[in-house]
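For clarity, every value in this text was computed on a predicted model and none was experimentally measured. Below, each value reflects all heavy atoms present in this structure, side chains not excepted, and no hydrogens, waters or symmetry copies.
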Amino acid sequence: MDATVVDLTAWRDTRARLDAEGHAESFDRVERAMGTLEARVRRGAGLGPRHETDLLAITGALSLGMYDEAAERIERLAVQVEHPAGRAR
């Protein structure tokens, strides 16, 4: 069973800060890209060891507030995992 726990107070605080800093649109792009990637993985696209570097780069970009960079990397990864040549083995 898949489960996600979201701290709504922290989420609202983060969203308010991002809105105030002008990053809300970029963060929304990250959320859409993550939704796409998660849906593709649920449908059978695989994330494997060859994708670890991409995931680390995404994590780094997010931690540094580089939301456009993170979104671009997530979007690229979503395409890679969907393509037969990019699937994990």
Salt bridge flag under 4.0 Å for residues E82 and R43: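 R43 and E82: salt-bridged.
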Any carboxylate oxygen within less than 4.0 angstrom of a Lys/Arg side-chain nitrogen, looking at R76 and E72?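 Judged by the 4.0 Å cut-off on N to carboxylate O distance, R76 and E72 do form a salt bridge.
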Quick one: are E69 and L62 in side-chain contact, heavy atoms under 4.5 Å?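 E69 vs L62: side chains apart.
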Do L77 and L47 have side chains that get closer than 4.5 Å, going by heavy atoms?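 Yes, their side chains come closer than 4.5 Å.
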For the CD atom on E21, are there more than 12 heavy atoms of other groups (residues, nucleotides or ligands in this structure) within a distance under 6.0 Å?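 More than 12 within 6.0 Å, yes.
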[atom2] on [Y] to [atom1] on [X], rounded to 0.5 Å:
| X | Y | atom1 | atom2 | answer |
| --- | --- | --- | --- | --- |
| L55 | L37 | CG | CG | 7.5 Å |
| R73 | T59 | CZ | OG1 | 11.0 Å |
| H51 | L56 | NE2 | CG | 13.0 Å |

What's the shortest heavy-atom distance between A71 and A33, and which atoms?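 Distance-wise, the nearest heavy atoms are O-CB, 4.1 Å.
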Given E75 and T36, is the side chain to side chain contact (heavy atoms under 4.5 Å, CB included) satisfied, shown in steps? CA-CA 8 Å; E75 291 162 351; T36 300; over 6 Å; no
Output yes when a side-chain donor or acceptor of R40 lies under 3.5 Å from a complementary backbone atom of A78, and no otherwise.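 Yes: the side chain of R40 pairs with the backbone of A78.
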Considering the options E31, R32, M34, R29, which one meets the side-chain contact (heavy atoms from CB on, under 4.5 Å) requirement together with I74?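 Testing I74 for a side-chain contact (heavy atoms from CB on, under 4.5 Å) against E31, R32, M34, R29 leaves exactly one candidate, M34.
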